[in-house]
Asks: 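Mind having a look at this structure? Questions to follow.
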Amino acid sequence: MTEGTIAGEAVKFPMPIGVSDYRLASSEYYYVDKTMMIKEFLDERPMVSLFTRPRRFGKTLNMDMLRTFFEKTDQDTSIYFRDKKIWACGQKYRDYQGKYPVIFITFKDVKFNTWQETFDAFRDIFSKEAYRHIEIRTSCRCDSYDKKMFEKLLSGEMSEVELSGALLYLSRALDQHYGIAPIIIIDEYDIPIQQGHQRDYYDKVILFMRNLFSGGLKDNRHLSYGFLTGVLRVAKESMFSGLNNLRIHSVLDHKYSAYFGFTSDEVKEMASYYGVLQKYDEICEWYDGYRFGRTEMFNPWSVCSYFSNDCEPRAFWQSTGSNDIIGEIIAEADAGIYERLTSLVKGESFTTYIDTDVIYPQIKKNPSTIYSFLVVAGYLKVIKSELSFNGDFMCEVALPNREIAFVYNKEILQRLDPVIPQPTAVSIQEAIYSGDARKLQALIQTFLAESVSFFDTAGENFYHGFMLGLCVLLGSSYVVSNRESGDGRYDIGLMPHRTGLPGVLMELKAAKNSTADDLKKLSANALKQMEEKKYDTEMKAKGISPIYRYGVAFSGKQVKISFEERK
C-alpha cells in the first residue's frame, strides 16, 4: 500500500471506516485487497451464493466490489482492479470484468414497525434500482410487456403481488436489452425478516420474500449469478423453499473464509504501514480470535477503528448495530443457560449444538438456540466443530477476544433482567470499587432474596459467573483476570490500568444448607486462603496499592463477605 499525496507531500491513507463504496475505498483509503474472492467464485461459478457473517465484517463492501467488477457500465471500471490481485490472475478472469448488467439491492435500512411501512420501503428500493437502469425505458430490444412492468416498477405503483416478481421483471428486461442475463446482488437480506419477527409481521414478510426470491433466483433463465448476504441464515424450508441452486457459506464453512474480516498477515501489514508493528500483540488480544471455517480472523471494523483512534484499544464494535433478537432469546433463559453464558466471561468454553438452520419462530420454543445466534452474530467463536448425526454441528465455543468480553457483558449479560436488575448491578460494582464490604454484602443479599428460585440450588460455578459478570462492567479502568499468582489461582482479580485505582481480589466459596456461622467461617477461610497462597503477589510486583481482598461465601440465597484492605 503506497502513500497518497497532499500538497506534494506523502501521507498515509486513512482507514475506510463506514465506507462501503468499493471505488472510493480502493482508491482513497487503505484498502485490504479481497479481490481474490472474485477468482474463487469464477473458478466454480455457483448459480446463487449466500454469505452469512456478523455485522461490520465487510459484507457490503465485498458485494459492491463484485458489483463494480462485473457490472457493464459506460465507465471503464477496470481502473479499480488493475493494481489488485485479481488482475494478475490472467486474461480469462479479466474477460469477466464489465461483462454483465447488475441488479444491486440492499435491505440494510428496512427497519420498520409495520408491514405496510416495510412494503412501501420495498417499493421505493426497487423503484430506485429501476431508475439506475433507465435505459430500459427506450430500449428497442424490450417488448411492450417488459416496458409496462418496468414503468410500474419505476413509478412505485406495483401491488404486493406484482412487486414480489420485481427481480424477475427487471432481470428479464435487462437480459433482453443487453443480450446477457444479469447478476443479482441482495445485501443484508435478513434485516426485514428480523424486523418482521420482532414487530409481528413475520409471516407476511416471509411470504413476500419467498416469492421474490423464487421469481428472481429459482429457475430464472434471465439470471447469470446471484449473491446474498446476511447475519443469519434463515432455514431453507422457510425462506428459500425449492431454491436448490443455493450455495451457503456460513461462519462454519471454509470456502470464502478469508474474505470477510482481516487475516493475521493483513493486520501485520497494516500495522507495519502505520509504523506500529509493535502493537500487533495488543491488536490480537482485543480484536483477533474469530474463526470462519478453518481461518482465524480479526474484526475489520474494530481494527480500522483502532488505527484511527491513535492505537488506543476500545470496544468499538458494540455501538455498530442492534441485536434485539438476542435480548428476546435471553428473556427465555433458564438457570442452566445463564450459568453457561456467565461461565464464558471466566475464559471457559463449552460444547453445544449449533443449528445452522435456525429460524426466528424457534426462539421461544427452544431458548437453547441462543448459542446458535451468538455464534453467527459474532459473540462467540468456534474453537472446533464436528458434524453431528443430522448434518448440523457440535461446536466448542468461547468468547473470541477482549473486546467481545466487554461487548458480551454489555449486550448479553445486562439483558438478563429481571435476573440481574441494572440498578442493582451498578450499585454492586460501586461497592466493589470503593471497598465497601458491608454495602456489597447487603446489596447481594437483597438481590438474592428477591431473585428467582434457582438460586436455591446454584453451585459455586454459577456464583463465580455472576460475580465475574458484574466485575466486567468496571470496564476500561480494569483488566478482569482469573489466573495464577503466588502459590495458586485466585477466582477473580481486577487489575487497574492506571495508578491510583485499587486492585481487587476475590475468592468465592459456596456450600449448601449453611448456617450464618458456617458462612462466616467460610468467608473467613476464603480470606485466609488468599493470604496463605499469596494471591496478591502479582499486584504487589506491579506496585498496585491499595489491594481490596474479598472472601465471599454463598449458600442458596444467603451471602457473607469478609474484607481486608492491604496497602
Side-chain angles (χ1 to χ4, degrees), residues 18 20-22 48 50-51 55 59-68 70-71 73 100-137 146-175 182-199 201-202 204-218 220 222-223 225-232 234 239-240 321-322:
S20 56
D21 183 312
Y22 171 78
V48 183
L50 167 61
F51 305 98
R55 68 181 192 262
K59 298 188 297 295
T60 302
L61 180 57
N62 277 346
M63 292 304 101
D64 199 62
M65 174 190 72
L66 295 177
R67 189 246 296 258
T68 305
F70 287 115
E71 189 166 32
T73 67
Y100 302 90
V102 173
I103 298 170
F104 188 95
I105 298 292
T106 179
F107 292 145
K108 67 181 179 68
D109 296 320
V110 183
K111 304 173 182 177
F112 298 99
N113 292 327
T114 68
W115 166 241
Q116 185 60 52
E117 290 173 308
T118 300
F119 176 65
D120 289 343
F122 283 147
R123 281 199 295 203
D124 184 59
I125 288 169
F126 280 103
S127 175
K128 289 176 179 175
E129 182 60 15
Y131 187 79
R132 227 173 50 84
H133 301 285
I134 196 66
E135 65 273 15
I136 291 174
R137 172 179 274 174
D146 290 331
K147 291 184 177 180
K148 173 186 175 183
M149 300 311 293
F150 179 78
E151 288 296 335
K152 293 195 74 171
L153 193 61
L154 191 64
S155 66
E157 296 177 355
M158 279 190 163
S159 67
E160 187 173 323
V161 171
E162 289 173 327
L163 193 65
S164 67
L167 292 175
L168 179 59
Y169 303 142
L170 193 52
S171 61
R172 171 186 158 88
L174 289 170
D175 189 6
I183 288 173
I184 296 177
I185 301 175
I186 302 173
D187 188 42
E188 304 288 7
Y189 85 95
D190 58 330
I191 284 181
I193 301 169
Q194 177 175 327
Q195 287 296 118
H197 170 72
Q198 294 179 295
R199 301 294 185 262
Y201 56 87
Y202 178 82
K204 290 183 178 180
V205 72
I206 282 289
L207 178 61
F208 174 82
M209 295 187 75
R210 181 189 294 138
N211 292 332
L212 179 73
F213 291 164
S214 178
L217 302 175
K218 175 190 174 185
N220 179 9
H222 305 291
L223 171 72
Y225 306 107
F227 301 94
L228 301 96
T229 73
V231 172
L232 302 179
V234 180
M239 187 70 247
F240 301 114
S322 171

Asks: Step through the shown structure and confirm whether more than 12 heavy atoms of other residues, nucleotides or ligands are within 6.0 Å of NZ on K108.
Replies: no
Asks: What are the two closest non-hydrogen atoms of S171 and H222, and how far apart are they?
Replies: CB-O, 3.5 Å
Asks: For N113, does its backbone N or O pair with a side-chain atom of Q195 as donor and acceptor, under 3.5 Å?
Replies: no
Asks: Is R172 paired with D175 through a side-chain N to carboxylate O contact shorter than 4.0 Å?
Replies: no
Asks: For the CZ atom of R199 and the NZ atom of K204, what is their distance to the nearest 0.5 Å?
Replies: 15.5 Å
Asks: Evaluate the side-chain proximity of L50 to Y189: yes if any heavy-atom separation is below 4.5 Å, no if none is.
Replies: yes
Asks: D187 and T60: side chain to side chain donor-acceptor pair (under 3.5 Å), yes or no, with the steps?
Replies: CA-CA 6 Å; D187 188 42; T60 302; 2.5 Å; yes
Asks: I need the minimum non-hydrogen distance between F150 and H133, along with the two atoms involved.
Replies: CZ-O, 3.5 Å
Asks: Roughly how far apart are I125 CD1 and S127 OG, rounded to 0.5 Å?
Replies: 10.5 Å
Asks: Any chance you could measure Y22, atom OH, to R67, atom CZ, to the nearest 0.5 Å?
Replies: 13.0 Å
Asks: Atom CZ of R137 and atom CD of E135: how far apart are they, to the nearest 0.5 Å?
Replies: 11.5 Å
Asks: Do I186 and F213 have side-chain heavy atoms sitting under 4.5 Å apart?
Replies: yes
Asks: Could you walk me through whether R210 and L207 pass the side-chain contact (heavy atoms from CB on, under 4.5 Å) check?
Replies: CA-CA 5 Å; R210 181 189 294 138; L207 178 61; 4.2 Å; yes
Asks: Looking at F112 and E117, what are the two nearest heavy atoms and their distance?
Replies: CB-CB, 3.6 Å
Asks: Just wondering, do L167 and N220 contact through their side chains at under 4.5 Å, heavy atoms?
Replies: no
Asks: Would you compute the distance between atom CD1 of I185 and atom OG1 of T229 and round it to the nearest 0.5 angstrom?
Replies: 9.5 Å
Asks: Hey, mind stepping through L66 and Y225 against side-chain contact (heavy atoms from CB on, under 4.5 Å) and telling me if it holds?
Replies: CA-CA 11 Å; L66 295 177; Y225 306 107; over 6 Å; no
Asks: Given E151 and E157, is the side-chain contact (heavy atoms from CB on, under 4.5 Å) satisfied, shown in steps?
Replies: CA-CA 9 Å; E151 288 296 335; E157 296 177 355; over 6 Å; no
Asks: Measure the CG-CE distance between L170 and M149 for me, rounded to the nearest 0.5 Å.
Replies: 11.0 Å
Asks: Exactly one of I183, D146, I103, I184 should register a side chain to side chain contact (heavy atoms under 4.5 Å, CB included) with L174. Which one does?
Replies: I103
Asks: Would you please test K59 and F51 for side-chain contact (heavy atoms from CB on, under 4.5 Å) and show each step?
Replies: CA-CA 8 Å; K59 298 188 297 295; F51 305 98; 5.8 Å; no
Asks: Does a side-chain heavy-atom distance below 4.5 Å link L154 with I136?
Replies: no
Asks: Closer than 3.5 angstrom, by distance alone: can the side chain of D190 be matched with the main-chain N or O of V231 as a donor-acceptor pair?
Replies: yes
Asks: Between R132 and E71, is the closest basic N to carboxylate O distance under 4.0 Å?
Replies: yes
Asks: Which atom names give the shortest non-hydrogen contact between F119 and M158, and what distance separates them?
Replies: CZ-O, 3.8 Å
Asks: To check you understand the geometry: which heavy-atom pair defines the closest contact between D21 and L61, and what is its length?
Replies: C-CD1, 4.0 Å
Asks: Parallel, tilted or perpendicular: which fits the ring planes of Y202 and H197, with parallel below 30° and perpendicular above 60°?
Replies: perpendicular
Asks: So which atom in D120 and which in R123 form the shortest heavy-atom distance, rounded to 0.1 Å?
Replies: OD1-NH2, 3.0 Å
Asks: Quick check: F208 with F122 (ring centres under 6.0 Å apart)?
Replies: yes
Asks: When you compare the side chain of L168 with that of L223, does any pair of heavy atoms fall below 4.5 Å?
Replies: no
